[in-house]
Amino acid sequence: MSAERMFQSVPSDPDPWMSSDTPQEVRQFAIESLRWQAQEIIDELLGGQDPSEELARARLRRCVARNPGQPERALLEQLMINRDHSGL
């Protein structure tokens, strides 16, 4: 199964991690917090200067471009691609 097809099944709402009676404002906070954290990680990775990591940065930039406004999805996609390339 390709990373893209596996990724499509990942919900954007944290339902799998929260009970169904969680208030909407808590859900929204969780989503925004996750996005903020993912964006911080992406910014840190893309800011790297190590030439040996340029291929990984290029892949991450493509993931970000495919998932505008959803850094958590972009980061997950990048992690799944890395997993596929490492043979885990």
Side-chain angles (χ1 to χ4, degrees):
M1 176 183 279
S2 72
E4 289 80 18
R5 285 196 337 211
M6 287 173 54
F7 181 67
Q8 289 173 352
S9 66
V10 177
S12 60
D13 187 52
D15 278 341
W17 306 282
M18 287 190 212
S19 67
S20 59
D21 61 345
T22 303
Q24 181 60 32
E25 36 308 328
V26 173
R27 287 178 182 283
Q28 189 60 39
F29 176 79
I31 292 168
E32 289 174 12
S33 177
L34 177 64
R35 286 190 174 144
W36 179 83
Q37 291 173 48
Q39 188 62 58
E40 289 289 313
I41 293 167
I42 289 169
D43 291 345
E44 182 72 24
L45 293 171
L46 292 180
Q49 300 297 317
D50 187 341
S52 68
E53 296 174 353
E54 183 53 39
L55 180 59
R57 286 192 297 272
R59 284 187 192 129
L60 180 55
R61 283 190 287 273
R62 285 192 299 271
C63 292
V64 169
R66 282 192 295 265
N67 296 282
Q70 297 181 313
E72 75 284 5
R73 287 181 172 264
L75 187 58
L76 177 59
E77 183 178 340
Q78 170 72 354
L79 292 170
M80 291 170 63
I81 289 169
N82 285 346
R83 182 190 65 190
D84 290 345
H85 287 302
S86 70
L88 294 177

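Bear in mind the structure is a predicted one, so any value in this text is a computation, not a measurement. The first residue of the sequence shown is numbered 1, and numbering continues consecutively from there.
- For Pro51, the side-chain contact (heavy atoms from CB on, under 4.5 Å) test picks out no residue, with sequence neighbours left out.
- For Asp21, the side-chain contact (heavy atoms from CB on, under 4.5 Å) criterion is met by Ser19, not counting sequence neighbours.
- When the side-chain contact (heavy atoms from CB on, under 4.5 Å) test is applied to Gln28, the partners found at least two apart in sequence or on another chain are Gln24, Glu32.
- Each of Glu72, Gln78, Met80, Arg73 was checked for a side-chain contact (heavy atoms from CB on, under 4.5 Å) with Leu76, and the lone residue meeting it is Met80.
- Annotation: the span from Ser52 atom OG to Arg57 atom CZ amounts to 8.0 Å, rounded to 0.5 Å.
- The two residues Pro71 and Arg35 come nearest to each other via the heavy atoms CG-O, 3.4 Å.
- In the hydrophobic clustering, where aliphatic and aromatic side chains (Ile, Leu, Val, Met, Phe, Trp, Tyr) are joined below 4.5 Å either directly or transitively, Leu45 groups with Ile41, Ile42, Leu46, Leu60, Val64, Leu75, Leu79.
- A salt bridge does not link Arg59 with Glu77: none of the charged nitrogens is closer than 4.0 Å to a carboxylate oxygen.
- Hydrophobic cluster of Leu55: no remaining members, since no ILVMFWY side chain lies below 4.5 Å from it.
- Arg62 pairs by the salt bridge (Lys or Arg N to Asp or Glu O under 4.0 Å) definition with nothing, not counting sequence neighbours.
- Of all heavy-atom pairs between Cys63 and Ile81, the closest is SG-CD1, 3.8 Å.
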